[in-house]
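These notes concern the structure reproduced below.
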Amino acid sequence: MNEWKKWPIELLTKDDFPKGLRNISNPPARMFYRGSWDEKLYEKTITIVGSRRMTKYGADIIKKVIPILVANGITIISGFMYGVDIECHNQCLDCGGKTLAIAGGGLDTIESQYNEKLYTRILESGGLVMSEYEPNFKPTIWSFPQRDRLMSAISTIGVLVIEGGIKSGSLITAKFALKQGKRVMAIPGPINSMVSEGTNWLIKTDGAEMITEISDILKETNSVHVQTDLFRDYADLSEIEKKIIVVLENEAVTVDELGQKLKISVAEIGRNISLMMMRDLVEENGGKIYLS
Amino acid sequence: MLTKVSSVANYGLKAVEIEVEVNVAEKGFPSFGIVGIASKSGEELKERVKTAIINTDIDFRPMKVTVNLAPADLPKDGSGYDLPIAVGILSSMGELDMTREKAYFYGELSLDGTLRHTRGVFLLAVLAKEQGIKNIFVPRLCANEASVVEGVSVYPVDSLKSLILHLRGAKKIVPLETVIVEEVLSDIRPEFDFGEILGQETAKRALEIAASGGHNIFMMGPPGSGKTMLSRATAGILPDLSERESLEVTKIFSITGNIPAGGSLIRLRPFRCPHHTTSLVGLIGGGSIPHPGEVSMAHRGVLFLDEFPEFGRNSLEALRQPLEDGSVNISRSAGSISFPAQFMLVAAANPCPCGFLGDIKKECHCSVHQIMNYQKKLSGPIMDRIDLHLNVPAVDINKLMLDSTDGIMSEKSKNIKLRVIQAREVQRKRFDKVIDIHCNADMKNVHLKEFAKLTTDANLLLKQAVNKFNLSARTYFRLIKVSRTIADLAGSLNIGDSHVAEALQYRVRNE
């Protein structure tokens, strides 16, 4: 499991810091990193932060956003924490992108076992895991917010917040970004979701740009591939499938609710949902059916 | 003078005839000695018998009383020996004449001489029939248990006094009339009706399938989503207990003292929901004198394990044998005992320790480690024996209200039960010649080829599903079994793609 230990820990002095880190008010004295050093990594970067308690909504957004960012040659920076962070790293690696993790603790202290796989994956893909703390430093309650200033500083495009509570580390990163004069972007979320309170608040108070499509993020960069939303061809559907799609376009519901709305037995709905899942039309999470 | 009275001791699920020998000697140092029973029970028993006799206005003079419960090597517990001992003493004292036809006496005495509800009376009656004993004297409160056994006259005894009068011929006790089992078994109403549960149609459908095919089922959902209610109602959609089954259940209920006062045959399928702190012995059975556990009390019924991952690891492991064999074997130095334990397992769990993971309104307060540890417990050999897995999401009260005004009522248990019975009948015919297989869930992989034929379309769909959802071989076979049951419910000979499609809804989510 700990193949990542094969990579040696390298020391980075102030002069070798990437540009973003040199110009902040309280830069770290030195940095540690594992992985292969490449200046190109820092040329075009975006920091994505978000809640540890990521919901299905957050995961969906990440799935949509990251591939396009990667296609534009942008390095994804995140915090190596479970939830949105890990999802971003993984999604980026899945698309063959480069990613950089800035840990809240030392490079030898690993949060949990499933970070380990990711750790190795990042290193194998030519990415970096870095930290300002001594390798065996255990992350503490203050080290995360302290680390957050680096997260915002290192990005060239800005900070994107995908789901974050009102008192979350994501907002701390956003505040650092504002102080440092960086762009702050946020994805709006459902107003009854705890983990969207922070992002919605940022947008409401003009702390962040509201991102509703991917081109919003890329408008100031010279991007090449801006894909508009995938156009779905629903022509080849049965009557009942069409009805199901119409309901799901508005909101994700359970099989029970579908049955109630369409006045069809749950057994019948269940059969159709299974078949639709096989064709990647819908997906299921925590008992609810979503359009995929 | 020496008197011998016959009574019965329970060991496991068997009643054994014992002989109560009582000697009352006018000579010798006055004492009350008892042998053949563990000393503690003996001490308590002595006080009850002595006081009950005194309070029945019998002059119990200081004498040397010796009681022997034979055979001495048979472990005896329970309190049913009070009555035979009291009768023996009275007879030895010359108060009664016991030179009559052999009969069984059984029951616990209260200090005022009345008889209490005593467990194990049903088994006593069954033994009496086997041994050709015509008369049995048991407490009135549990005499109904015995009254279903044909060919045995059951004398319901209120108190020691009334028994004395009966045996002296002064005032006869009228024996109970034999109750016909079939009559008792008709007209059963379930404790909970599915019709009373609004919403949760998917869960109801899944439980219908589970009940039809004898599958075990696992439900995951937040607190308050109705998991307990649903499983309670499940006992009501299972086919009625047959006569044989009813007798089996009554035996277990009788031995554990679970038949209420005045109750007779158990007609409802049992529903047991042991708390997750229940000890291993409490769950599986055991003890120095082996006693049935919850799995046996749920025999022929539903065993509901709420907060499934909170059960001790040992307890869950120990469930494997009953799930596999339908019985529990308990070995003691005195011998080994087998308790039946054929039940339908309904397991339920929250998605995380606090229960609100993924809930949009309430925040989950668990750490990732807690969640991982919790869900880790939801894998392993026990989960392999569960065929249907489903999510039971919380139901929005407002939506429920809306529905009931719409006039849509949930289907009644009675109707669901009819379909279940039909599907079971199909299975009974199918497995007529196969030993040890009664329902689809019992099928082993080798049987699937013969009994669960898939149409070409169904086969194709299943193969696609294996790739798409990354299903293991085990899940694959489980899916076929569940599809078989769904096809049976639909009255279809072969398994079609629509049956497989529905079964896919109940697959294991996180393997």
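Just so it is clear: chains get the letters A, B, ... in the order the sequence lines come, proteins before strands, and each one is counted from 1.
- For chain B, no part of A:Thr55 is nearby; none of its heavy atoms comes within less than 4.5 Å.
- Looking at B:Leu461, the atoms closer than 4.5 Å to chain A (heavy atoms on both sides) sit in the backbone and in the side chain alike.
- Residues B:Arg205 and A:Ala267 come closest through the heavy atom pair NE-CB, 3.5 Å.
- Closest approach of A:Asp256 and B:Glu201 over heavy atoms only: OD2-N, 2.8 Å.
- Listed here is the closest heavy atom pair of B:Asn391 and A:Gly287: ND2-N, 3.4 Å.
- For the atom pair B:Glu502 CD and A:Glu268 CD, the distance stands at 9.0 Å (nearest 0.5 Å).
- For the atom pair OG of A:Ser274 and CZ of B:Phe469, the computed distance is 6.5 Å after rounding to the nearest 0.5 Å.
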Self-check item: Intermediate values then yes/no, side chain to side chain contact (heavy atoms under 4.5 Å, CB included), B:Leu504 and A:Ile273
Solution: CA-CA 9 Å; B:Leu504 278 170; A:Ile273 292 292; over 6 Å; no
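- Distance check: A:Arg52 CZ to B:Ser367 OG gives 10.0 Å after rounding to the nearest 0.5 Å.
- Listed here is the closest heavy atom pair of B:Gly199 and A:Gln260: CA-NE2, 4.5 Å.
- Annotation: maximal heavy-atom pairing with chain A below 4.5 Å, among B:Ala465, B:Pro351, B:Ala503, occurs at B:Ala465.
- Taken to the nearest 0.5 Å, the NE2 atom of B:His369 stands 7.0 Å off from the OH atom of A:Tyr82.
- Atom NZ of B:Lys468 is separated from atom CZ of A:Arg279 by 12.0 Å, given to the nearest 0.5 angstrom.
- Annotation for A:Arg271 and B:Ser498: closest pair CD-O, 3.0 Å, computed over non-hydrogen atoms.
- For CD of B:Gln422, the number of neighbouring non-hydrogen atoms (other residues, nucleotides, ligands) closer than 6.0 Å is 12 at most.
- One distance of note links OG1 of B:Thr202 with CD1 of A:Ile269; it measures 9.0 Å at 0.5 Å rounding.
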